[in-house]
J.: 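Questions regarding the structure given below will be posed in turn.
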Number of protein chains: 2
Amino acid sequence: MYDNKNEYFCFSTNRNRLTKVKINTMNILPDKTVERLSQYRRNLLICDGKGKTHIFSHEIANIHHITPVQVRRDIMLIGYTGTLRKGYNILELIALIGEILDKEDGQRVAIVGAGNLGRAIIQYFHNRRDKLSISAAFDSSPDKIGQEYDGVKIYPIEDIDKIVKEKNITIGIISVPVVAVKATASALVEAGVKGILSYTPRPIDVPENVYLEEYDMITSLEKVAYFAKNIEKI
Amino acid sequence: MYDNKNEYFCFSTNRNRLTKVKINTMNILPDKTVERLSQYRRNLLICDGKGKTHIFSHEIANIHHITPVQVRRDIMLIGYTGTLRKGYNILELIALIGEILDKEDGQRVAIVGAGNLGRAIIQYFHNRRDKLSISAAFDSSPDKIGQEYDGVKIYPIEDIDKIVKEKNITIGIISVPVVAVKATASALVEAGVKGILSYTPRPIDVPENVYLEEYDMITSLEKVAYFAKNIEKI
DNA sequence: GTAAATTTGTTATTTCAATAACAAGTATTA
DNA sequence: TAATACTTGTTATTGAAATAACAAATTTAC
């Protein structure tokens, strides 16, 4: 359960007004809440772009096909408080989610493997998040090295250690062929990254001071296939 | 809880021996178990390729960085039984997971959006699963239509309905730009697919007789960023 | 042949996530 | 002004997933 003792306050700028906001940084947020916060923020930014200033929990819920209670609970966990019968101030909420998810000075990301998938990811992130930018790509193929995709320069695999330290990169994305996964993960860990996101089907292991997230498209597709096949039983 | 009344038997071929295997198809398997079964199978195939015939629960567990109990529980849920002190027969287990995950005649998959990500997925699946094959790709760009990537032909978006029905496609993967997501999802549902895997950040909704899985790379990366930032608190 | 060490299969417990329930406060309506 | 409807914030309950615990069976060691 959420420990109310570990709370403190910060200030969030709402246009020309400074608002005192209670946040909770002592305790880690639940996995699923973090995921949803990321999604809320993206859609809140769209709402803001349309000139909307406030939003109700049930509106957020509708966008994401979840329940209003879940939304309110997530927002409660980050210590934000809306206005009764007026909803949540969109800009304040965006700012607070930013406080929670981003580091003040952002984090830099490296991607290893500039094949189709790697390039898709680079393209996908291009200009989307100012606090989380892909700062370098690595590949072993000589004809890719030195090139740039969407402003991201491609370095040789051997330079991982040097570049990661030089650019203060804290997160690595792995999208190399399975044979190279183990070596890639080791190189990133050696270089000091704190988080790894792997898009390969090969399970990898990392020391416990590195956060690892693995996603495998084949597993996802097989899962969809299973539940599609059995849809009438769900 | 697992309902033992709904069980029946099937036969699994273990080289030249026919083995009676208890399976459970009446009840749907837990989400996470399905995911792990897919992963087990892939690594079991590798083990088989190396000439290994049996495997212990703790060996499977080590490969996937989970506990042996979890492995045994998953295997229990599909009704397979190993041999005490000998472990699980790899080929039998592969065959049974196949019975569970695959349809007898397989399922066909369409991918909508043949950009970087779409092509990455096509390439990724090329020749990997005989029971789950990408049978068609769709795109709106005239210069892509008619081309082939890894043996997958690209059709115009407008032909979704026709081709999906013609080829008896049951699963759709969406990798189009956000503006086209809604229309794409509708077209696939209209055409009769039973499962959709969406790689776009835009939440979509489908009727309840269609299984939907959404995955968003930005959310994953922001989650990794959050936990990497707070790694010492985990 | 007996004891010790393994390893499976299953039940019980714990942990984590989602949902339900509801008090309290605010706006609207009559 | 009183009654109604709405919306938040929080606690309580339910449900799902993971882990722990352990009986039973088999091999190995002595």
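Each chain gets a letter, A, B and so on, in the order the sequences are listed, and its residues count up from 1.
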J.: Rounded to the nearest Å, what distance is computed from the CG atom of residue L29(B) to the P atom of nucleotide dA17(D)?
T.: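 These atoms are roughly 11 Å apart.
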J.: Roughly how many Å is it from CD in E59(B) to P in dT7(C), rounded to a whole number?
T.: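 That distance rounds to 9 Å.
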J.: Taking atom CD of E208(A) as the centre, does the number of heavy atoms from other residues, nucleotides or ligands within less than 6.0 Å exceed 12?
T.: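 No, because the 6.0 Å sphere around CD of E208(A) holds 12 heavy atoms or fewer from other groups.
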J.: Rounding to a whole Å, what distance do you find between I55(A):CD1 and dT7(D):P?
T.: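 In whole Å, dT7(D) P and I55(A) CD1 are 13 Å from each other.
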J.: Go through the structure and list residues passing salt bridge (charged side-chain N to carboxylate O under 4.0 Å, His left out) with K194(A), not counting sequence neighbours.
T.: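 If we apply the salt bridge (charged side-chain N to carboxylate O under 4.0 Å, His left out) test to K194(A), skipping adjacent residues, there are no hits.
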J.: Any N/O pairs under 3.5 Å between the protein and nucleotides 19-29 of chain C? List them or say none.
T.:
from	atom 1	to	atom 2	distance (Å)
dT19(C)	O4	R73(A)	NE	3.4

J.: Go through E59(B) and V71(B) one step at a time and tell me if the side chain to side chain contact (heavy atoms under 4.5 Å, CB included) criterion holds.
T.: CA-CA 10 Å; E59(B) 290 178 296; V71(B) 173; over 6 Å; no
J.: Can you measure from CD (Q107(B)) to CD1 (I169(B)) and round to the nearest 0.5 angstrom?
T.: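 Going from CD on Q107(B) over to CD1 on I169(B), the span is 11.5 Å.
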J.: Do any side-chain atoms of residues 174-193 of chain A form donor-acceptor pairs under 3.5 angstrom with protein atoms, and if so which ones, sequence neighbours left out?
T.:
from	atom 1	to	atom 2	distance (Å)
S175(A)	OG	V112(A)	O	3.3
S175(A)	OG	G113(A)	O	2.8
T184(A)	OG1	A180(A)	O	2.7
S186(A)	OG	K182(A)	O	3.0

J.: Output the rounded distance in Å from OH (Y88(A)) to P (dT8(D)).
T.: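 Distance check: Y88(A) OH to dT8(D) P gives 5 Å.
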J.: Quick one: does Y199(A)'s side chain get under 4.5 Å of I121(A)'s, heavy atoms only?
T.: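 Sidechains of I121(A) and Y199(A): in contact.
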J.: Show me the donor-acceptor pairs, under 3.5 Å and distance only, between side chains in residues 61-69 of chain A and residues at least two apart or in other chains.
T.:
from	atom 1	to	atom 2	distance (Å)
N62(A)	ND2	H58(A)	O	3.3
H65(A)	ND1	I204(B)	O	3.3
T67(A)	OG1	Q70(A)	N	3.3

J.: From NE2 of H54(B) over to C1' of dT27(D), roughly how many Å is that when rounded to an integer?
T.: 15 Å
J.: Rounded to 10°, tell me the angle between the two end axes of the helix from dG1(C)-dC30(D) to dA30(C)-dT1(D), each built from five pairs.
T.: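 Helix axis angle between the two ends: 10°.
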J.: Under 4.0 Å between a side-chain nitrogen and a carboxylate oxygen: does that hold for K223(A) and D31(B)?
T.: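 Yes, K223(A) and D31(B) are salt-bridged.
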J.: Whole-Å distance between dT11(D) P and L77(A) CG?
T.: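 About 11 Å, once rounded to whole Å.
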J.: The criterion is side chain to side chain contact (heavy atoms under 4.5 Å, CB included); which residues satisfy it with T83(B), sequence neighbours excluded?
T.: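 T83(B): side chain to side chain contact (heavy atoms under 4.5 Å, CB included) contacts with K86(B).
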J.: Take the protein atom CZ of R36(B) and the nucleotide atom P of dA17(D), then report the distance between them rounded to whole Å.
T.: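 Atom CZ in R36(B) sits about 9 Å away from atom P in dA17(D).
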J.: Please confirm whether the shortest side-chain N or O distance from S57(B) to OP1 or OP2 of dT7(C) is below 4.0 Å.
T.: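 No, S57(B) has no side-chain N/O under 4.0 Å of OP1/OP2 on dT7(C).
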